[in-house]
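What follows is a single structure, written as structure tokens, with notes after it.
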Number of protein chains: 2
Amino acid sequence: MKRPTIKDVAKEASVSIATVSRILNNGTGYSDKTRQHVLNTIERLGYSPNAIARGLISKQSNTIGVLFPDVSGLISAEILQGIEEAAHAQEFSVIVCKTDSDGKKTMDNLRLLHEKQVEGIIFTSQMLTNEYASFIEKMGVPVITVSSYSEKEGIPAVKVDDEAAACDAVRYLISQQHTQIGMISGPPTDPLAGTPRINGYKRALEEAGIEYDESKVAWDSGFYFEHGEIAFSKLHELHPQLTALFAASDELGVSAISCAYDLGLRVPDDLSIIGYDGTRLAKMSNPPLTTVSQGFEEMGRKSAELLFESIETGEPSPGAAIQHRIVERKSVKKK
Amino acid sequence: MKRPTIKDVAKEASVSIATVSRILNNGTGYSDKTRQHVLNTIERLGYSPNAIARGLISKQSNTIGVLFPDVSGLISAEILQGIEEAAHAQEFSVIVCKTDSDGKKTMDNLRLLHEKQVEGIIFTSQMLTNEYASFIEKMGVPVITVSSYSEKEGIPAVKVDDEAAACDAVRYLISQQHTQIGMISGPPTDPLAGTPRINGYKRALEEAGIEYDESKVAWDSGFYFEHGEIAFSKLHELHPQLTALFAASDELGVSAISCAYDLGLRVPDDLSIIGYDGTRLAKMSNPPLTTVSQGFEEMGRKSAELLFESIETGEPSPGAAIQHRIVERKSVKKK
DNA sequence: TTGTACGCGTTATCAA
DNA sequence: TTGATAACGCGTACAA
């Protein structure tokens, strides 16, 4: 008892497959009577069209691919949520791939997506290298990066201006009368989340006439909670007098809250902390984390919408600059 | 400049498409010389096979579909991570769908997956109704549920025994000399995460000879952080004397920590709290949340592995019972 | 060792 | 209003 094909329907209904096809694709040219008849036998046989066969001839897979370095975190989840919603609205499916920030796996996934004839690619939270970019260019489908960065010029991106956002975060701290401000971060050499945020921190300080002291930005190998513990302890050892802290991610910020608590420092009374990202995590910490929000779900949705535009028009997308905003909660002491 | 097909390669290399095909599928029957020649022109033309055409003839899409009620949370993310890893190992792609726990959307997605010829389906965190089950049965592909529940008998599942796990959580509280134990939950009528966990709570109490008092389990409409605030305040109003609390999710647990703090209660000194789920969130709270872990990533991986077995053998999977375990952190006062 | 030709399930272009 | 039939890109039995 195989899956019925259009042929089976045609035979059963004693019409040609062409007629069935027309009825299926609300084409024109058939009587209402045959239409009803065919629709009935379709129902009776439980027929449903084969998108693979359809895709072969139409050259459309109605599928896009999304690459994440890691899918298990909140950032990926929120981005994906936005993408899925936009895709569903266009009757597209989304294939998710995890790259582990690993070059080989990334290329593997790209090749796979190419073979599966995806019509567009969303590249998230990971640098789009020249190698990847030129491969995708050969694929001949549009790409867009989300919360990411491209080696090559002219690749559309959906992202916030990290330096400006970081700068605003620190300005906010300064506006609350803080002058002793430290920072914890991931690797300063990270071109996505490291360098620009540190530069923003620096800029805000200089604007305010506060001397920038490199030793006040402590970092570890990443932006997760676990890294925060290490970075924070480095910082606190060197500069116990700090009254405010800019954390380059929400996880780092939450981690700092925990560390501060363990050291007997009260947040925000003894130490004010502002995070970065605006994930759900921030509102769940104790105290709730003031943070600068990127709006990941919205970024996901936006990126998918732009990608679909690009798929339809054939024109490359201009990308979109996303506005960050500061979400005030309770981890910064208000003056 | 279209995408080159096997025909182009054949023409360019002056061989037949059959030969190219054989070489591609490491079949047998060609000289080393032609092999090299063909491989070279493939490289030169940048040819890559079309999985859609291939799938049409082989009747294999090398794709599975995963349904989530909501993809933006940590639970989904962790499950998906496990699934993706297992799928990648089998050279399968995974299509994610969001259902919003909405019957129509779920059926829409199921239909779409059917048309796209997915070879299996993973159903997560949402009841598999008879309607869904019979549709999938008609599809003729294996299903497996993760952290979920099926109306129909005989559907393989990967899940922990919620009642037993909840019972263990409360036993743990009792083992730390607690007798005044409350619970916050989502809807008691929820067959996935509501009823069984409340039953576990009840059982542990009865085992220990502690009287079960219905008014000590407070709930709101869901298991998220926001719901916890409401449930907790209901509970605290009625029973301010409680010394311990079982929260039916990590988010509820973390929410309780925040609420307790706001009321001036110290955790764990004045109030011990144990959560449920074992997501990354639990370790990031302040204090870190003791919880009973389900191991979502592992569940995701396991479910995918079982699904692939089922796809290969054609036999329905037996499913798998996952062991929960209590992860001790700092939200429960140790005696 | 290699090539020809058919079929997978559809859509689309012709004629009828 | 309908029905043959040629594609789409590929795998494979069969013939050479």
Side-chain angles (χ1 to χ4, degrees), chain A residues 1-39 41-42 45-63 111-112 114-119 139-140, chain B residues 1-39 41-42 45-63 111-112 114-119 139-140:
Chain A
M1 174 118 146
K2 313 164 30 222
R3 180 176 179 140
T5 75
I6 197 172
K7 237 183 236 171
D8 300 319
V9 175
K11 189 180 298 175
E12 187 73 12
S14 314
V15 296
S16 75
I17 59 171
T19 302
V20 179
S21 179
R22 282 188 203 103
I23 294 175
L24 246 40
N25 302 285
N26 53 14
T28 167
Y30 44 76
S31 68
D32 225 35
K33 191 175 129 228
T34 53
R35 187 185 125 85
Q36 267 314 320
H37 181 52
V38 168
L39 252 31
T41 68
I42 283 179
L45 264 49
Y47 166 81
S48 93
N50 181 330
I52 291 205
R54 187 176 271 179
L56 181 58
I57 187 158
S58 72
K59 293 180 176 315
Q60 302 196 331
S61 60
N62 280 270
T63 303
R111 257 186 291 269
L112 191 68
H114 183 40
E115 296 188 0
K116 297 234 164 136
Q117 318 292 113
V118 297
E119 297 184 48
M139 287 178 62
Chain B
M1 175 122 143
K2 313 167 28 225
R3 178 175 181 141
T5 74
I6 198 173
K7 235 184 239 173
D8 300 319
V9 176
K11 191 180 299 176
E12 187 73 11
S14 315
V15 297
S16 73
I17 60 169
T19 303
V20 179
S21 178
R22 284 186 202 104
I23 293 175
L24 246 40
N25 303 285
N26 53 14
T28 168
Y30 45 77
S31 70
D32 226 33
K33 193 175 126 229
T34 53
R35 184 185 127 86
Q36 267 314 319
H37 180 53
V38 168
L39 252 32
T41 69
I42 283 179
L45 264 48
Y47 166 81
S48 92
N50 181 330
I52 290 205
R54 186 178 271 179
L56 182 58
I57 185 163
S58 71
K59 294 179 175 314
Q60 304 196 329
S61 60
N62 279 271
T63 303
R111 259 185 290 270
L112 191 68
H114 183 41
E115 294 188 1
K116 296 234 165 137
Q117 319 291 114
V118 297
E119 298 185 48
M139 287 177 63

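In what follows, every chain begins at residue 1, and chains take the letters A, B, ... in the order their sequences are listed. Because the structure is a prediction, the values reported are computed rather than measured.
Following rounding to the nearest Å, Gln117(B) (CD) and dT10(C) (P) show an atom-to-atom distance of 8 Å. What separates CD1 of Ile23(B) from P of dC10(D) is a distance of 14 Å, to the nearest Å. Rounded to whole Å, atom C1' of dC8(D) lies 13 Å from atom CD of Gln60(A). Between Ile6(A) atom CD1 and dA7(D) atom P there is a gap of 19 Å when expressed in whole angstrom units. Computed from coordinates, the Lys59(A) NZ to dG9(C) P distance equals 19 Å when rounded to whole Å. Following rounding to the nearest Å, Leu24(B) (CG) and dC10(D) (C1') show an atom-to-atom distance of 10 Å. We find that CG of Leu56(B) is positioned 9 Å from C1' of dG9(D), with the value rounded to whole Å. Summarising the geometry, the separation between CD1 on Ile57(A) and P on dC10(D) is reported as 15 Å, rounded to the nearest angstrom.
For the atom pair NZ of Lys7(B) and NZ of Lys11(B), the computed distance is 8.0 Å after rounding to the nearest 0.5 Å. Atom CD1 of Ile23(B) sits about 6.0 Å away from atom OH of Tyr30(B), to the nearest 0.5 Å.
Toward the 5' end of DNA chain C, the nearer of the two residues Ala53(B) and Ala18(B), judged by each one's closest nucleotide, is Ala18(B). Each of Pro49(B) and Val15(A) was matched to the nucleotide of DNA chain D holding its nearest heavy atom; the match closer to the 5' end belongs to Val15(A). Comparing Ser58(A) and Ser16(B), the nucleotide of DNA chain C nearest to each residue sits closer to the 5' end for Ser16(B).
Residues from residues 31-38 of chain A placing a heavy atom under 4.0 Å of any atom in DNA chain D, listed by number, are Ser31(A), Thr34(A).
Taking 4.5 Å as the limit, every side-chain heavy atom of Ile6(A) sits out of range of all side-chain heavy atoms of Pro49(A). Using a 4.5 Å heavy-atom threshold, the side chains of Asn50(B) and Gln117(A) count as touching. In this structure, His37(A) and Ser14(A) have side chains that are not in contact, with every pair of non-hydrogen atoms separated by 4.5 Å or more.
Not a single donor-acceptor pair, N or O on each side, falls under 3.5 Å between the base of dG9(C) and the side chain of Arg3(A).
Remark: side-chain polar atoms of Thr19(B) are not paired, donor with acceptor, to backbone N or O of Ile17(B) under 3.5 angstrom.
The side chain of Asn50(A) sits closest to dG9(C) out of dA4(D), dG11(D), dG9(C).
Base contact: Ile17(B) has a heavy atom under 4.0 Å from a base atom.
Side-chain contact of Lys116(B) with Ser61(A): a donor-acceptor pair under 3.5 Å is absent, judged by distance alone.
Of the side-chain N and O atoms in Ser21(A), one or more sit less than 4.0 angstrom from OP1 or OP2 of dT11(C). A sub-4.0 Å separation between OP1 or OP2 of dT11(C) and a side-chain N or O of Arg54(A) is present.
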